Amino acid sequence: GDSEDGGGGGGDLSGTIRIDGSSTVAPLSEAAAELFQEAESGVKVTVGTSGTGGGFEKFCAGETDISDASRPIEEDEIAACKSNGIEFEEVQVANDALSVVVNPENPVECMTVEQVSQIWDRGSKVDSWGDVKGLEADVGDESMALYGPGTDSGTFDYFTEAINGEEGVTRSNYNNIGEDDNGVINGVAGDQWALGYVPYSYVEESAGKVKPLQIENPESGECVAATIETVQDGSYVPLGRGLFVYPSGEALQKQEVLEFLTFYIAENDPITGAATFVPMTEAQKEASQRKVDSLVEG
Amino acid sequence: MAQDESRAESRREAREAAAGRAGIAVRPQEFQAHAAGLREKVFELKGVGVRYSGVAAVKEISLDVHRNDITALIGPSGCGKSTLLRCLNRMNDLIPGAEVEGRLLYHGEDLYGPSVDPVQVRKLIGMVFQKPNPFPKSIYDNVAFGPRILGNKEGLDQTVESALRSAALWEEVKDRLDSNAFGLSGGQQQRLCIARCIAVQPDTILMDEPCSALDPISTGKIEDLMIELKEEFSIVIVTHNMQQAARVSDRTAFLMVELDADEDNRWGHLVEYDETEKIFTNPAHKRTEDYVSGKVG
Amino acid sequence: MAQDESRAESRREAREAAAGRAGIAVRPQEFQAHAAGLREKVFELKGVGVRYSGVAAVKEISLDVHRNDITALIGPSGCGKSTLLRCLNRMNDLIPGAEVEGRLLYHGEDLYGPSVDPVQVRKLIGMVFQKPNPFPKSIYDNVAFGPRILGNKEGLDQTVESALRSAALWEEVKDRLDSNAFGLSGGQQQRLCIARCIAVQPDTILMDEPCSALDPISTGKIEDLMIELKEEFSIVIVTHNMQQAARVSDRTAFLMVELDADEDNRWGHLVEYDETEKIFTNPAHKRTEDYVSGKVG
Amino acid sequence: MAALGPQAERTRLAAAGARSVTRAAILSGQPLKDIIKGRIFFALLLLALGLALLGLAALILDAAIDGRSMLSLDLLTNSASRISPQTAGYANAIYGTILLIGGVLVMTVPIGVGSAIYLEEYADRTKWWNRVVELNIQNLAAVPSIVYGILGLAFIVRGPLDLGFILFAGSITLSLLVLPTVIIAAREAIRAVPPSIREGSFALGATRWQTVRRQVLPAAVPGIATGVILAVSRAAGETAPLLLVGAATFVTFDPTVFGDNGYTALPVMIFNNAKQAQPEFHVLAAAGIVVMLGVILLMNSFAIWLRNRYEQRW
Amino acid sequence: MEARDAIGASRAIGRGGGPSRSLQAPSPRYGEKAIEAMLGLCALLSVVTTTAIVISLLEPSIEFFGQVSLKDFLFGTEWAPTFTPPEFGVLPIVLATMVTSFWGLFVAIPLGLGAAIYLSEYASPRARKTIKPTLEVLAGVPTVAIGFFALFFMRPLLEDLLPFLPWSGPQAAGVAGLAVGLMIVPIIASLSEDAMSAVPTGLREAAYGLGATKMRVATRVVFPAALSGIVASIVLATSRAVGETMIVLLAAGASPNLTLGFTESVQTMTAFIGQTATGDIATGTVTYYTIFAVGLLLFLMTLVLNMISIRLVRRFHEAYD
Ligand SMILES: Nc1ncnc2c1ncn2[C@@H]1O[C@H](COP(=O)(O)OP(=O)(O)OP(=O)(O)O)[C@@H](O)[C@H]1O
Ligand SMILES: Nc1ncnc2c1ncn2[C@@H]1O[C@H](COP(=O)(O)OP(=O)(O)OP(=O)(O)O)[C@@H](O)[C@H]1O
Ligand SMILES: [Mg+2]
Ligand SMILES: [Mg+2]
């Protein structure tokens with residue numbers, strides 16, 4: 001019913017929009033697609049989850065209109081797009097945060113980036129709470145089980161880069177949960193001394209089964225919890241991030257794709273709400289819409 | 001018996017009618033002279049042998065099969081009766097590794113000649129098997145199968161009826177032609193197989209122990225039938241039952257297993273071939289006598 | 001022959017020893033008086049019938065089988081010979097839906113009594129089948145199978161050897177006891193099955209057409225063997241070969257198929273049971289005469 | 001009795017002796033050890049079977065309990081929804097699965113049965129190439145489904161066939177996956193037709209194809225159908241290869257076979273829902289499993305019915 | 001003589017169609033040949049499939065081995081292709097595949113064979129007719145369903161039953177293996193039952209005739225005689241276990257640990273492929289090619305397994321026919 005904001009399509013558009021890519025961003029695009037199709041029932045939107053890499057592969061081959069990405073496009077992928085004459089723009093559609101989670105019974109409330117890095121860095125020898133230096137709460141020397149998501153995921157890439165300084169750098173002896181991030185939640189919920197990291201939305205939905213830690217802002221030195229506000233105002237660093245979609249210039253020539261993206265940005269609040277992500281700020285929305293417009297102009 | 005005769009009579013009439021032109025005289029029974037030298041030969045076997053994957057099963061069989069005779073093949077199990085019989089309509093072609101050697105003439109033509117089509121051969125030379133093997137279809141479809149694949153779809157009902165009559169089965173099944181052939185008794189099934197075979201109007205019928213799975217009553221019926229059928233067809237029958245051979249056949253061939261010195265190889269060979277009466281009362285060979293008198297086997 | 005006799009002698013001694021207590025006199029050969037009324041009965045059948053899933057296969061069979069006799073069951077196919085034979089060691093228990101009625105005594109004991117264990121029965125009453133059915137094991141293991149499952153693991157080599165000797169197979173296989181039984185010829189396989197049966201030292205041996213799959217030479221050997229074995233065991237044999245029955249058996253039972261009025265039901269019944277010679281030369285019934293003279297079947 | 005001579009007396013005694021031995025033997029029953037062993041063995045067999053069946057029952061019950069709050073017809077008629085998982089359904093996924101399986105049937109039945117006929121009725125097994133084909137089919141039956149996914153991606157979606165991420169490409173991939181199973185099942189069914197039927201037909205002067213077409217195939221149809229259904233129900237439940245050949249996860253319209261605007265399938269949707277953060281989706285996944293099991297059970301029951309109804313006893 | 005000729009003629013005409021006793025084919029039967037060729041083509045498709053599989057795996061694998069040495073791949077003990085720096089030692093995931101398959105077979109062989117013996121030797125025909133298809137339903141259950149069942153039902157249950165094991169995390173190699181076992185039970189049960197039912201009744205009767213009990217007949221006669229079929233069923237089940245993706249992906253996790261532990265989370269070869277192929281890895285990178293190298297190894301493993309089984313089956317078979 002919000003079609004006036006989306007450019008006044010009035011349900012008379014038709015055509016198809018193919019979206020593929022990151023499974024992290026997929027819920028957003030799905031919510032956007034669903035809401036958009038309520039208004040524009042003639043448009044068929046599909047959202048695939050081939051992963052960011054798989055998504056770009058298809059995107060740069062001209063097989064999709066929009067690519068979901070939980071990381072920026074890489075050099076190789078840019079080259080592939082270029083060689084196929086695909087123009088694109090990176091458009092932010094939401095904010096996300098990663099949460100370091102522990103069991104609710106665990107007295108620890110806040111950690112510094114160094115402490116998290118101590119635990120997760122390559123070759124880390126930390127396997128009990130006593131090994132972690134400078135914790136404010138006294139947790140004794142209980143052994144610490146670690147949970148992390150699949151190493152092929154954007155979450156993994158983002159976390160390792162933000163915490164350990166380089167993408168893919170991490171210790172290897174932890175419980176790699178793989179495909180289903182609920183595994184981290186269940187693992188940490190079932191073990192009083194476990195620790196793990198997951199996308200913020202999984203914590204939101206876990207109904208208190210796990211406790212997200214506050215992360216000390218490296219600049220201000222204050223402990224910051226992940227909330228909509230802190231993520232939006234940029235104080236939840238370094239684990240706050242943006243989520244992106246990549247529309248192609250060619251696709252934007254189609255009225256329905258343009259309408260869809262405009263809708264995606266304008267209706268950001270209900271969309272991110274449905275997918276439990278952090279909505280964009282007004283400034284972010286404007287920036288995104290500018291990028292879309294510039295791509296349409298060519 | 002009078003009834004049987006009249007049935008045979010009517011069948012003969014039907015054939016005469018089918019013959020199409022009145023001018024052709026259908027040979028009356030009396031001409032079946034038993035002067036062997038003069039009689040028409042259906043098969044002439046000259047040194048026929050069969051190998052399975054290189055191993056000889058029968059060797060050096062030479063004999064002539066005459067028209068409108070019932071020729072019986074007897075001998076102990078494994079002597080190659082079935083093997084020999086299956087050469088006569090090239091059923092052995094279907095067994096991988098089976099090779100036939102020697103000369104085998106059918107009405108003077110080499111049955112294994114290069115331009116001979118085995119499918120055509122089997123249309124002319126029908127076969128009935130030891131175990132009744134009706135198709136899992138209705139009685140009607142069983143009999144109609146042959147005519148149908150030959151493309152003779154006209155007058156099918158009539159063909160089926162006359163084949164079933166010839167096989168002395170019509171009366172028993174005429175009310176249930178559409179029911180499954182598996183519902184018939186063993187003997188009825190075997191007669192159905194004979195009817196099925198007759199329906200393609202072969203020239204010769206080969207029968208491999210057609211009664212061995214049947215009870216004496218069914219056996220009797222089929223024996224009667226054979227004797228009736230030989231008016232029209234030439235019949236070669238394999239049997240392990242010497243009484244049966246004695247009862248129905250005109251000529252009998254006795255095959256025996258031969259072993260080589262170290263008992264490693266065994267193959268069938270023809271011991272004696274003569275008029276049935278001679279074989280059973282006054283055989284030329286001791287081994288035949290031993291066999292038919294029940295001393296061995 | 002002298003050798004054979006001494007072999008038989010030594011076997012008899014072994015059994016006497018096995019009998020365990022000296023008090024039981026093992027009957028010497030001479031006592032086999034043919035005064036039927038006095039002779040020891042192995043089986044007494046009184047109105048025995050068998051139904052498969054409610055349908056009668058044989059009905060009302062009454063006959064006595066005597067000790068150290070070879071008793072032959074003859075009759076056309078399907079008359080229930082095998083069915084009857086399989087009652088005698090409760091093999092029919094294994095066929096779902098098979099029921100036995102009437103009284104069947106074994107050495108005076110009701111074979112189908114409530115406290116009788118069929119497994120135990122089959123240890124005492126061995127069986128040899130139509131198709132040689134050696135286990136897919138070595139020759140030795142085939143013969144040793146029975147003793148092993150009975151837990152008689154001592155002197156196994158000796159048991160195996162003597163069983164193979166009794167089955168007149170020892171000389172042919174003694175050098176290849178470890179090779180697979182499937183490498184033997186059909187006749188050898190059948191003798192192996194007999195050896196396997198003897199190895200558990202049964203009291204009675206049932207044989208269901210033991211030679212029908214064999215060539216005449218093997219058949220001859222097995223017939224000789226049967227005559228030897230009857231000194232020690234009682235034998236009941238089913239055969240479709242009347243000559244065989246005439247050659248080997250002491251008494252012969254002739255079974256025939258009976259049909260009811262509308263030919264819907266058929267079952268086997270006993271036509272005549274008598275000394276073999278009588279059955280074959282001077283039978284009491286017309287149907288027996290027709291059958292043994294080869295007029296039907 | 002007194003009139004009996006000494007010989008007869010001895011015979012009678014011997015008989016009595018033998019009788020008592022026999023009596024003891026057949027009444028004694030088996031040694032207790034054997035009886036106990038037999039009982040334990042039987043109990044173990046029952047236990048094995050029971051555990052296997054219990055596994056199946058637990059699986060169904062577990063899914064039904066987890067998904068019970070969503071089990072309604074809406075599940076079959078509603079589309080996927082990100083906004084309100086409580087009212088979401090699998091309509092489009094079910095439709096996608098039906099199309100996929102339809103494609104599998106259309107492709108595997110003729111090709112599978114054709115291959116089986118060739119191998120059983122035509123191929124001369126003494127020729128090495130026929131043996132290679134046979135061996136190859138046995139090997140293919142054991143190749144992991146994920147490898148078929150790779151094949152589908154490299155050869156069907158891209159590469160030589162270059163069909164793109166369309167439903168038909170998924171159908172082909174699944175077809176290749178189950179084809180060996182179908183061939184093996186069809187061969188077995190064809191082999192079960194007794195040679196006597198073929199002989200009967202040949203002896204009437206039928207050609208090989210006439211024999212196959214009119215006798216062997218009709219008699220083998222129940223067996224073939226059963227094999228095909230069992231194989232196809234496996235295809236219906238496959239997830240991994242479909243993920244690779246691009247079954248999209250969010251589709252709110254009924255897909256078409258050749259349309260390039262995406263498709264999805266029931267197991268893919270189940271997998272995707274179960275991974276979500278929101279618990280509502282987990283319930284939806286469990287309910288989806290129930291639907292899936294229902295579909296599989298239906299197909300299997302049909303196969304069993306077919307087998308029992310038309311199976312030819314020779 | 002004249003009369004006989006006349007008869008010949010009469011039969012010729014009586015038969016109606018074509019020259020009577022001609023032994024030549026009335027037509028060249030091109031149709032027959034065309035059909036045979038088409039059927040042959042169908043069979044050939046399987047060869048094409050294999051070729052395509054090999055090519056689609058081999059091409060990128062060659063790319064992969066251009067950058068990673070075969071030795072490092074096959075004998076390295078650390079598997080971290082997505083890490084920095086990457087490690088390509090495939091042993092952990094191969095071992096994981098073996099461990100989950102082992103646990104699968106550990107339950108499936110006794111359960112499957114037990115069920116098979118029961119069905120073929122003990123069950124009444126009616127019972128067999130209902131139980132066997134029911135078991136076969138289990139073979140058709142989607143593996144995603146079994147995966148979640150393992151994760152959310154079996155894992156907690158097993159922890160309650162076996163509290164003394166060092167449980168940690170929701171995923172465990174052993175649980176995944178047992179779930180794989182549940183999946184392959186019907187394969188073993190159904191195919192072994194076929195093999196046992198195919199043992200000639202004659203052998204059974206021979207054994208019963210010697211006074212063997214039912215158990216002895218089953219274990220000493222039927223079982224050995226059906227061994228080739230039983231081995232074949234187990235090998236097929238093994239390749240299914242090795243190739244199973246969804247169950248291990250969900251229930252075993254993604255930690256490439258070089259471990260034999262029952263409760264430890266491991267990553268199998270299939271789980272690696274399944275996860276990485278749908279993950280965020282950019283195409284054209286070494287990591288991406290890893291998928292194919294692992295796929296090739298997996299393919300070769302199942303191939304070898306299958307060849308062994310065919311050998312075994314053939315060896316045993318020769319002995320029985
Ligand atoms: N398809 C075959 N392959 C190999 N050997 C065969 C084949 N058919 C028969 N034989 C062998 O050829 C020999 C003759 O067999 P055949 O079946 O012709 O005997 P038979 O006289 O018909 O015996 P029976 O009375 O038992 O039917 C036997 O040694 C048999 O083992
Ligand atoms: N397992 C069975 N179930 C049902 N009917 C059976 C079974 N076994 C035999 N019959 C039937 O019982 C009757 C007698 O069969 P049986 O096998 O005892 O005959 P037979 O005299 O041994 O014949 P043959 O000489 O052919 O061996 C037949 O009508 C047969 O069809
Ligand atoms: Mg024969
Ligand atoms: Mg019998």
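Chain naming here is simple, since letters A, B, ... match the order of the sequence lines and numbering starts at 1 in each. Not measured: the values here are computed from a predicted model.
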For the [atom1] atom of [X] and the [atom2] atom of [Y], what is their distance to the nearest 0.5 Å?
X: Glu38(A); Y: Ser81(D); atom1: CD; atom2: OG; value: 7.5 Å
X: Leu153(D); Y: Glu57(A); atom1: CG; atom2: CD; value: 7.0 Å
X: Glu34(A); Y: Arg82(D); atom1: CD; atom2: CZ; value: 8.5 Å
X: Gln276(D); Y: Ser23(A); atom1: CD; atom2: OG; value: 8.5 Å

Does any heavy atom of chain A fall under 4.5 Å from the side chain of Phe165(D), the backbone, both, or neither of them?
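Looking at Phe165(D), backbone and side chain both touch chain A.
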Gln92(A) atom CD: more than 12 heavy-atom contacts under 6.0 Å
yes
Decide if atom OH of Tyr95(D) counts as having more than 12 heavy atoms of other residues, nucleotides or ligands within a radius under 6.0 Å.
no
In terms of heavy-atom pairs under 4.5 Å with chain D, which of Ala32(A), Gly48(A), Pro27(A) leads?
Pro27(A)
Only pairs of heavy atoms separated by less than 4.5 Å count here; which of Lys58(A), Gln37(A), Glu204(A) has the most with chain D?
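Ranked by contacts with chain D, first place is Lys58(A).
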Would you check, one step at a time, whether the test side-chain contact (heavy atoms from CB on, under 4.5 Å) holds for Ile19(A) with Phe250(D)?
CA-CA 10 Å; Ile19(A) 307 174; Phe250(D) 189 79; over 6 Å; no
Please classify the contact of [X] with chain D as side chain, backbone, both or neither, using a heavy-atom distance under 4.5 Å.
X: Glu30(A); result: both
X: Val45(A); result: backbone
X: Thr16(A); result: side chain

Does Ile83(D) form a side-chain contact (heavy atoms from CB on, under 4.5 Å) with Leu35(A)? I'd like the steps, not just the answer.
CA-CA 8 Å; Ile83(D) 310 289; Leu35(A) 291 173; 3.6 Å; yes
Could you pull out the closest heavy-atom pair between Phe253(D) and Thr46(A), with the gap in Å?
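Result for this residue pair: CZ-CG2, 3.2 Å.
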Using every non-hydrogen atom in the two residues, find where Ser201(A) and Ala277(D) come nearest and quote the distance to one decimal.
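Looking at all heavy atoms of both residues, the closest pair is O-CB, 3.8 Å.
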Using only atom types and a distance under 3.5 Å, with no angle test, would you say the side chain of Asp181(A) pairs donor to acceptor with the backbone of Lys275(D)?
no
Check the pair His282(D), Glu205(A) against side-chain contact (heavy atoms from CB on, under 4.5 Å), reporting the backbone distance first and the verdict last.
CA-CA 12 Å; His282(D) 304 166; Glu205(A) 298 293 343; over 6 Å; no
